[in-house]
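Working notes for the structure below.
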2 protein chains.
Amino acid sequence: MSQAPVVKALRRADAQRNYDLILVAARAAIAERGAHIVLEDVARDAGVGIGTLYRHFPTRQDLLEEAFLEETLLLRDRAEALVDSPEAWEALVAWLRLQMEFASRGRSLGASVMAAKHVEGSDLQVAYSAMRDAGDILLHRAQASGDVKDDVDMIDVLRLVYGIVMACEQAPEPDRITRMFELVIAGIRA
Amino acid sequence: MSQAPVVKALRRADAQRNYDLILVAARAAIAERGAHIVLEDVARDAGVGIGTLYRHFPTRQDLLEEAFLEETLLLRDRAEALVDSPEAWEALVAWLRLQMEFASRGRSLGASVMAAKHVEGSDLQVAYSAMRDAGDILLHRAQASGDVKDDVDMIDVLRLVYGIVMACEQAPEPDRITRMFELVIAGIRA
DNA sequence: ACCTGAACACCGTTCAAGT
DNA sequence: ACCTGAACACCGTTCAAGT
């Protein structure tokens, strides 16, 4: 539906290229080694000096937030697409399952970034709010149809999903994760 | 009920004293600063050299596991005490709430230690198994009385509880944690 | 304006010397 | 048998010099 309204800061073409290379390397490192990414390795993989990484991402948090920005926008789009689905309950569950799959991909690092209090006004905070607003529509539809308890809060549900990923990182058993997810789904059911 | 059958390794009295001092300092550091304990600080607070800490706890994991051993034994005792309760469902919920409170105290570090795959045959692994066995009795009672779904697994439930603590560490709001806990409880209800 | 990497700081870990 | 802390290694972060 709506396209990503992320304001890209104006950068020289070569700087923009380095910026993107760093993000690609960071995402690869996160997918491979989880939360223990070594910034110097990320810079090396990206083919830039460590100073360049720091110039673009002054804090570790800045890098992590940007690394997860894209998939946050994607999850918002997915929620918006599911609004047209005739089955309110199934649409909500499908979206929550997507949340879990995305979080799993980024290991518990993705989950912790999503669960974290984001810097006020940061790109990720804006994107996360937009994503949650889109998810809220799915939730409210499922509440209106009587499928979900009225007092369920989307933030709580998302955190439960992220919590599953975090608690299972040391020994990720797909069957167990599925069962835990279903317990959460059962918990919000009216 | 049963007293802790932990086999204490034989140590010289002064070594035992250092061992205990290190654990006390480690627990204090964990309660204060969460997962980011600095081993050198722990050694200094304990009044021993860093080498002594490493002599007693060769790996970081060894120290963490020992730090949470005591409360694991306590949680086992609490489960055993609750077996006599006439209310099967209430007893189970009370015990799970205790789990969450204990995990909260140790921040997400405690939760992650509990959710982790423990070293085979370690003191913590043995204690964790005993604790879970005791909790299983509470769970099975609540299943026998028809309060809890038959296919619910204790490991899943404990991980969900630990997941709540982990996902909420960055911004621990007691009300939210309570609501999330109640969603999990609703999820296991028959 | 941006990039680089040497330099510094911090902390984890080991080990030779001491009791 | 145990303790100590200096020494080393690793990685995060800064900044002076260069393009």
Side-chain angles (χ1 to χ4, degrees), chain A residues 7-68 107 109 112-113 116 119 122 170, chain B residues 7-68 107 109 112-113 116 119 122 170:
Chain A
V7 180
K8 292 270 179 187
L10 293 175
R11 272 186 280 263
R12 238 166 52 177
D14 59 336
Q16 181 64 49
R17 176 166 166 73
N18 282 336
Y19 184 93
D20 293 338
L21 285 171
I22 291 166
L23 274 182
V24 168
R27 291 204 190 93
I30 289 164
E32 204 178 321
R33 291 184 287 278
H36 304 302
I37 56 166
V38 178
L39 296 187
E40 204 141 347
D41 290 354
V42 171
R44 189 175 32 71
D45 291 353
V48 303
I50 181 66
T52 304
L53 187 151
Y54 273 94
R55 157 167 272 263
H56 288 303
F57 306 100
T59 74
R60 189 188 194 82
Q61 185 71 11
D62 288 325
L63 176 59
L64 295 181
E65 294 203 353
E66 278 297 310
F68 288 102
R107 311 286 196 87
L109 181 56
S112 64
V113 167
V119 180
S122 68
Q170 316 258 2
Chain B
V7 181
K8 292 269 179 189
L10 292 174
R11 271 186 280 262
R12 239 166 52 177
D14 58 338
Q16 180 64 49
R17 178 166 165 70
N18 282 337
Y19 183 94
D20 293 339
L21 285 171
I22 292 167
L23 274 182
V24 168
R27 290 204 191 91
I30 289 165
E32 203 178 321
R33 290 183 287 278
H36 304 302
I37 56 166
V38 177
L39 297 187
E40 204 143 346
D41 289 353
V42 171
R44 188 175 32 71
D45 291 352
V48 304
I50 182 65
T52 302
L53 186 151
Y54 273 92
R55 155 166 274 263
H56 287 304
F57 306 100
T59 73
R60 191 188 194 82
Q61 184 71 12
D62 288 325
L63 176 60
L64 295 181
E65 293 203 354
E66 278 298 309
F68 288 101
R107 311 286 197 88
L109 182 57
S112 64
V113 168
V119 181
S122 68
Q170 315 258 3

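Letters A, B, ... are given to chains in the order of the sequence lines, protein chains preceding strands, and every chain is numbered from 1.
- The separation between A:His56 atom NE2 and C:dC2 atom P is 7 Å, rounded to whole Å.
- Across all strands shown, A:His36 has no heavy atoms under 4.0 Å from either base or sugar-phosphate atoms.
- Considering only the side chain of B:Thr52, D:dT4 comes nearest among D:dT4, C:dC2, D:dC2.
- Within the nucleic acid shown, A:Ile37 comes within 4.0 Å of sugar-phosphate atoms alone, with no base atom in reach, counting heavy atoms only.
- Residues A:Gly51 and A:Arg55 both approach DNA chain C. Their nearest nucleotides, taken by heavy-atom distance, put A:Arg55 toward the 5′ side.
- As rounded to whole Å, 18 Å separates atom P of C:dC2 from atom CD1 of A:Ile50.
- Counting all heavy atoms, side chain and backbone alike, A:Ala43 lies closest to A:Ile50 at CB-CA, 3.9 Å.
- The interatomic distance linking A:Arg17 (CZ) with C:dC3 (P) rounds to 12 Å, in whole Å.
- One can place CG of A:Leu53 at 12 Å from C1' of C:dC3, the figure rounded to the nearest angstrom.
- Atom CZ of B:Phe57 and atom OG1 of B:Thr52 lie 11.0 Å apart (nearest 0.5 Å).
- Distance OH (A:Tyr54) to P (C:dA6): 16 Å, rounded to an integer number of Å.
- In this entry the distance linking CG of B:Asn18 with C1' of C:dT19 reads 13 Å, nearest Å.
- Few gaps surround CZ on A:Arg33; more than 12 heavy atoms of other groups in view lie less than 6.0 Å from it.
- Residues A:Glu40 and A:Val48 each lie close to DNA chain C; by heavy-atom proximity, the contact nearer the 5' end of the strand is made by A:Val48.
- Of the nucleotides present, none pairs with D:dA9 by Watson-Crick or G-U wobble criteria with both distances under 3.5 Å.
- Classification of A:Asp20 and A:Arg17 as a salt-bridged pair fails, no side-chain N sitting under 4.0 Å from a carboxylate O.
- Between A:Ile22 atom CD1 and C:dC3 atom C1' there is a gap of 10 Å when expressed in whole angstrom units.
- To the nearest 0.5 Å, the span separating CD1 on B:Ile30 from CD on B:Glu32 amounts to 11.5 Å.
- A:Asp41 comes within 4.0 angstrom of nothing in the nucleic acid, heavy atoms only.
- With a 3.5 Å ceiling on both atom-pair distances, D:dC3 lacks any Watson-Crick or G-U wobble partner.
- Taking atom CG on A:Leu63 and atom P on D:dT13, their separation rounds to 11 Å, with Å as the unit.
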